[in-house]
Amino acid sequence: MNNAGNSDKYTDAYSMAINFGVYSADLAYASAFEMGTTSMDYFKVIEKMGDALGISSAFDKTIFDRVQKNLTNGDSLLSISNDTYFEAYSYLEENEKGPVLGLIVTGGWIESMYIVTNLVDKYSDNSPIIERIAGQKYTLENLLGFLYSYMDDENIGMAVAELEKIQAIYSMMEETGDIDNTEVKAEGDLNVISGGKQIKVTKETFEELKAVVKEIRDAFVGIKS
């Protein structure tokens with residue numbers, strides 16, 4: 001995760017918005033693994049950066065009181081972190097702050113990809129994590145589609161240039177199956193999706209994807225190679 005102490009070095013609108021998204025992803029990760037004190041650190045960082053970005057109205061101030069009362073409850077912290085993210089998302093969308101929203105989502109997606117790709121210790125053809133990473137091809141397509149509508153914004157142009165490096169790798173992955181054959185079956189409380197298109201990720205393309213994600217993520221958070 002990106003150290004909360006790094007937040008002071010993000011002083012321009014681009015790096016603040018990108019790393020607001022990065023820290024949002026880190027917050028969700030820390031909450032899921034019941035890192036109470038770390039979660040609170042990330043909430044404080046997000047609150048501070050929200051003020052600097054002029055989007056503090058996206059948050060209900062009582063949410064920080066809820067965090068302090070639930071520092072030892074991982075499930076509650078994860079729920080609160082999700083509430084925080086979606087409140088910010090809705091506020092930005094409703095108040096026509098599309099470019100800021102685009103940068104935040106970009107930062108959050110890259111950080112999530114960075115965390116997930118690093119959960120893979122050893123490549124395997126049938127790894128469920130790699131299957132999820134493959135499916136992010138479509139998430140990336142949707143994200144780029146959203147960003148393209150704000151290409152008159154210089155910061156969005158820079159973010160798109162980075163994301164298109166990942167899109168180029170996804171474009172090399174072989175797709176099989178037919179989207180029209182997708183089936184959704186209920187199994188208990190879950191809906192299980194089967195069929196549809198399948199994306200084949202080779203060891204070489206996975207390693208290239210992981211390396212490019214790391215390169216972009218390090219640039220976003222200010223880590224020099």
Side-chain angles (χ1 to χ4, degrees), residues 1-3 6-29 45-46 49-50 52-55 58 85 88-89 92-93 95-120 130 132-175 197 199-225:
M1 296 182 290
N2 187 20
N3 192 300
N6 290 334
S7 62
D8 289 337
K9 68 183 181 182
Y10 308 127
T11 56
D12 61 282
Y14 178 79
S15 64
M16 278 196 290
I18 285 284
N19 283 284
F20 184 102
V22 168
Y23 283 127
S24 295
D26 288 337
L27 170 60
Y29 183 79
V45 164
I46 287 172
M49 295 178 81
L53 287 167
I55 59 172
Y85 185 83
Y89 187 102
L92 293 170
E93 195 170 45
N95 288 273
E96 299 182 350
K97 292 183 178 288
V100 175
L101 175 58
L103 294 175
I104 289 173
V105 176
T106 296
W109 186 79
I110 284 291
E111 184 72 351
S112 297
M113 284 287 288
Y114 173 76
I115 290 172
V116 173
T117 54
N118 279 283
L119 292 176
V120 179
I130 290 179
R132 287 182 175 271
I133 291 169
Q136 288 299 304
K137 172 181 180 179
Y138 304 118
T139 303
L140 177 58
E141 288 176 356
N142 290 333
L143 173 55
L144 282 169
F146 175 77
L147 295 177
Y148 287 148
S149 61
Y150 298 102
M151 284 297 285
D152 56 337
D153 184 284
E154 182 180 358
N155 288 335
I156 291 294
M158 290 192 294
V160 165
E162 297 300 321
L163 293 177
E164 285 180 340
K165 296 175 185 177
I166 299 175
Q167 187 183 45
I169 298 172
Y170 273 122
S171 68
M172 297 186 294
M173 297 180 186
E174 180 183 354
E175 290 188 24
K197 284 190 174 182
I199 302 172
K200 182 178 180 180
V201 183
T202 65
K203 181 179 180 180
E204 291 73 20
T205 53
F206 170 73
E207 290 179 348
E208 184 175 358
L209 176 66
K210 182 176 180 178
V212 171
V213 166
K214 181 182 185 302
E215 176 187 312
I216 295 170
R217 186 267 186 182
D218 287 352
F220 280 173
V221 305
I223 295 176
K224 296 181 180 180
S225 57

So do the side chains of [X] and [Y] get within less than 4.5 Å of each other, counting heavy atoms only?
X	Y	result
Ile216	Tyr114	no
Lys210	Asn118	yes
Lys137	Met173	no
Ile156	Val160	yes
Val221	Arg217	yes
Leu53	Lys97	no
Phe146	Leu101	yes

Measure the [atom1]-[atom2] distance between [X] and [Y] for me, rounded to the nearest 0.5 Å.
X	Y	atom1	atom2	answer
Thr117	Leu119	OG1	CG	8.0 Å
Met158	Asp153	CE	CG	8.5 Å
Ile110	Phe220	CD1	CZ	5.5 Å
Tyr14	Thr106	OH	OG1	8.0 Å
Ile223	Glu215	CD1	CD	13.0 Å
Leu27	Met1	CG	CE	9.5 Å

Please check if any side-chain donor atom of Tyr10 sits under 3.5 Å from a side-chain acceptor atom of Asn2, or the reverse.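 Asn2 and Tyr10 do have a side-chain donor-acceptor pair below 3.5 Å.
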For Lys203, does the NZ atom have more than 12 heavy-atom neighbours from other residues, nucleotides or ligands under 6.0 Å away? no
So does Val201 get a backbone contact from the side chain of Thr205, meaning a donor-acceptor N/O pair under 3.5 Å?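 Answer holds: no.
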Any sub-3.5 Å donor-acceptor pair from Tyr23's side-chain atoms to Gly108's backbone N or O?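 Checking the backbone N and O of Gly108 against the side chain of Tyr23, no donor-acceptor pair under 3.5 Å is found.
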For the residue pair [X] and [Y], what are the closest heavy atoms and their distance?
X	Y	answer
Leu147	Gly102	CD2-CA, 3.5 Å
Ser7	Val45	CB-CG1, 3.7 Å
Met49	Phe20	CE-N, 3.8 Å
Ile199	Glu175	CG1-CG, 4.1 Å

Under the side-chain contact (heavy atoms from CB on, under 4.5 Å) test against Val213, which residue among Ile166, Val116, Ile115, Ile133 passes?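 The residue from Ile166, Val116, Ile115, Ile133 that satisfies side-chain contact (heavy atoms from CB on, under 4.5 Å) with Val213 turns out to be Ile166.
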